Amino acid sequence: MIFEQLFYTKSSTYTYIISSGKGREALIIDPVIENSDEYIKVLKNLELKLVKVIDTHIHADHVSGLNELNKRTNCTRIMGERSKSEVIDLKIKDSEKIEIENIKLEAMYTPGHTDCSYSYLMNDRVFTGDTLLINGTGRTDFQSGSPYDAYDSLFNRLLKLPEKTLVYPAHDYNGKKNSTIENERNNNPRLQVSSRDEYAEIMNNLNLANPKMMDVAIQANLKGLTLDQI
Ligand SMILES: [Fe+2]
C-alpha cells in the first residue's frame, strides 16, 4: 500500500495520499491548496490516478486543496452530508463506504469540533480530522461546534474502535505523526474525564484565540475560492 503523510508547516496540517499500489487509483484526505504541486508530483512519480479527495470538515486555518485538485485531475470532491460547502460533488452519510481500487474507507459522523466533522476508518487506521488529535482534541467554540457532541463522538464512537487502531489526525503541533486509540484513551489529557459535563467544562474554558486565517479560510472553503478571490 502507498501511504504518504505530508505536512503543511503554516497550519501544522497533515494530508494523506493513499493508494493500493503504483499505477492505481489514489485518494487524498485534507489537502492544502498551497501544496497542490507537491501532491501532483507524488501522484506522477507513483503513476497514480487521483480519483477522490476528501475534507474531514470545513477547515478554518487553511484553504483546502479540494478545488484545485479537482480542476487539475477532475477528481471527485467528497465531504460528509452536513458540509455547507457549495462545491462538493458527493456528500456521504454516516457508515457509508468510499471506495477506490482495492481500498475501502468507512465514514463516521463525529461532530463536535464542527457540526460537519467526519472521521474515516480504513482497516487498521482511522483519520480523525480535528475530532481526536494526538494528546488533544479539536476546539469546539466555532462553526457550530459543541463539546457535548464532541464527547459523544470521542467516547461513543472513536474510543470504541479496537484499541490497536492507528490514529491519524488532521494536525499535530508537536511533530507526532500518529498514535493509537489505546494510547489516546490512556494518556490524552482531554480524555481523562468521567462525564459529558466535565468535558464541556474543560472545552468551554480554553479561551483560545481564533485562527489567524479563520474568516477568509472558511469563506474560501465554503465557496471553493482561492484567497485572491475573496
Ligand atoms: Fe479544524
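Only a predicted model underlies this, so the values are computations on that prediction, with no experimental measurement involved. For the single chain, residues carry numbers from 1 onward in sequence order. Both ligands and their constituent atoms are indexed starting at 1 by order of listing.
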Checklist line | Partner of D30 by side chain to side chain donor-acceptor pair (under 3.5 Å), out of H57, H59, H62 | finding: H59

Identify all side-chain donor-acceptor contacts of residues 33-44 below 3.5 Å with residues at least two apart in sequence or on another chain.
residue, atom, partner, partner atom, Å
E34, OE2, Y8, OH, 3.3
S36, OG, I33, O, 2.7
D37, OD1, R72, NH1, 2.8
D37, OD1, R72, NH2, 2.9
Y39, OH, T15, OG1, 3.1
Y39, OH, V32, N, 2.9

Check: Which pair of heavy atoms, one from L225 and one from V63, lies closest together, and at what distance?
Finding: O-CG1, 3.7 Å

Item checked: Heavy-atom check, side chain of D55 versus side chain of P31, under 4.5 Å -> yes

Next item on the list: Provide the protein N, O or S atoms situated under 2.8 Å from the Fe ion (ligand 1); waters are not included.
Entry: H57 NE2, H113 NE2, D130 OD2

Checklist line | Of all pairs that satisfy side chain to side chain donor-acceptor pair (under 3.5 Å), the ones with a partner from residues 151-167, not counting sequence neighbours | finding: D94-R157, D152-N156, D152-R196, K164-E182

Next item on the list: Linking directly or through intermediates, with side-chain heavy atoms under 4.5 Å: list the remaining ILVMFWY members grouped with I100, chain and number order.
Entry: M1, F3, F7, Y14, Y16, I18, L27, I29, V51, I54, I78, L90, I92, I98, I103, L105, Y109, Y118, Y120, M122, F127, L166, Y168

